[in-house]
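Just so it is clear, the values below take in all heavy atoms, side chains as well, and ignore hydrogens, waters and symmetry mates.
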Amino acid sequence: MNESDKSLLSSFDAYRKAFFRELCLNITRYRREARLTQAQFAERTNISKDHIAHLEVIGDGTYPSLDTLLLIAYHLDIAPYLLLVREQDWDAAQEEE
């Protein structure tokens with residue numbers, strides 16, 4: 001692998017980590033706004049409490065499938081894209097709701 005490829009891979013890796021960091025934060029944020037514990041949310045979604053907990057840990061390496069992401073958004077009564085919005089853009093996303 002040449003240096004250019006390594007640089008691109010490194011940039012993508014940083015982007016990917018930032019993306020999943022925001023996803024973890026948003027799952028936690030919207031679950032808490034709905035005033036649900038992880039156990040309550042697990043029961044509502046039929047996703048195990050352990051999986052919910054892993055999804056909310058930044059850097060854990062546990063990522064939801066698209067179906068799981070849609071299921072989470074559905075049970076939080078939010079548009080799925082809101083789970084992907086960066087923290088600094090939360091205010092703008094709230095205005096769109």
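If you take CG on Leu25 and CZ on Phe20, they are separated by 13.5 Å, rounding to the nearest 0.5 Å. Within the model, atoms CZ of Phe41 and CD1 of Ile47 stand 6.0 Å from one another, a figure rounded to the nearest 0.5 Å. Taking CG of Leu76 as the reference point, atom CZ of Arg29 lies at 11.0 Å (rounded to 0.5 Å). Rounding to the nearest 0.5 angstrom, the gap separating the CG atom in Leu71 from the CG atom in Leu66 is 11.0 Å. Annotation: the span from Glu56 atom CD to Thr28 atom OG1 amounts to 3.5 Å, rounded to 0.5 Å.
Between Glu43 and Lys49 there is no salt bridge, since none of the side-chain N atoms of the basic residue sits less than 4.0 Å from a carboxylate O of the acidic one.
Val57 and Tyr30 are assigned to two separate hydrophobic clusters, defined by single-linkage of ILVMFWY side chains at heavy-atom distances under 4.5 Å. A continuous path of Ile, Leu, Val, Met, Phe, Trp and Tyr side chains, each step under 4.5 Å between heavy atoms, connects Leu69 with Phe19, placing both in one hydrophobic cluster.
Side-chain atoms of Gln40 come within 3.5 Å of backbone N or O of Thr37 as a donor-acceptor pair.
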| task | List the steps and the verdict of side chain to side chain contact (heavy atoms under 4.5 Å, CB included) for His54 and Tyr63. | result | CA-CA 8 Å; His54 285 290; Tyr63 309 120; over 6 Å; no
| request: Give the intermediate values and the outcome of side chain to side chain contact (heavy atoms under 4.5 Å, CB included) for residues Arg44 and Leu36. | output: CA-CA 10 Å; Arg44 180 179 286 191; Leu36 295 168; 3.6 Å; yes
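Under the 4.5 Å side-chain criterion, counting only non-hydrogen atoms from C-beta, Pro64 is not in contact with Leu83. Between Ile72 and Ile78, the closest side-chain pair of non-hydrogen atoms is not below 4.5 Å.
Minimum interatomic distance between Cys24 and Leu55 (heavy atoms only, all atoms of both residues): SG-O, 3.1 Å. Scanning all heavy atoms of the two residues, the minimum distance from Pro80 to Ala73 falls at CA-CB, 3.6 Å. The two atoms that bring Leu82 and Asn26 nearest to each other are O-ND2, 3.4 Å, heavy atoms only.
In this model, a donor atom of one side chain and an acceptor atom of the other lie less than 3.5 Å apart for Asp60 and Thr62.
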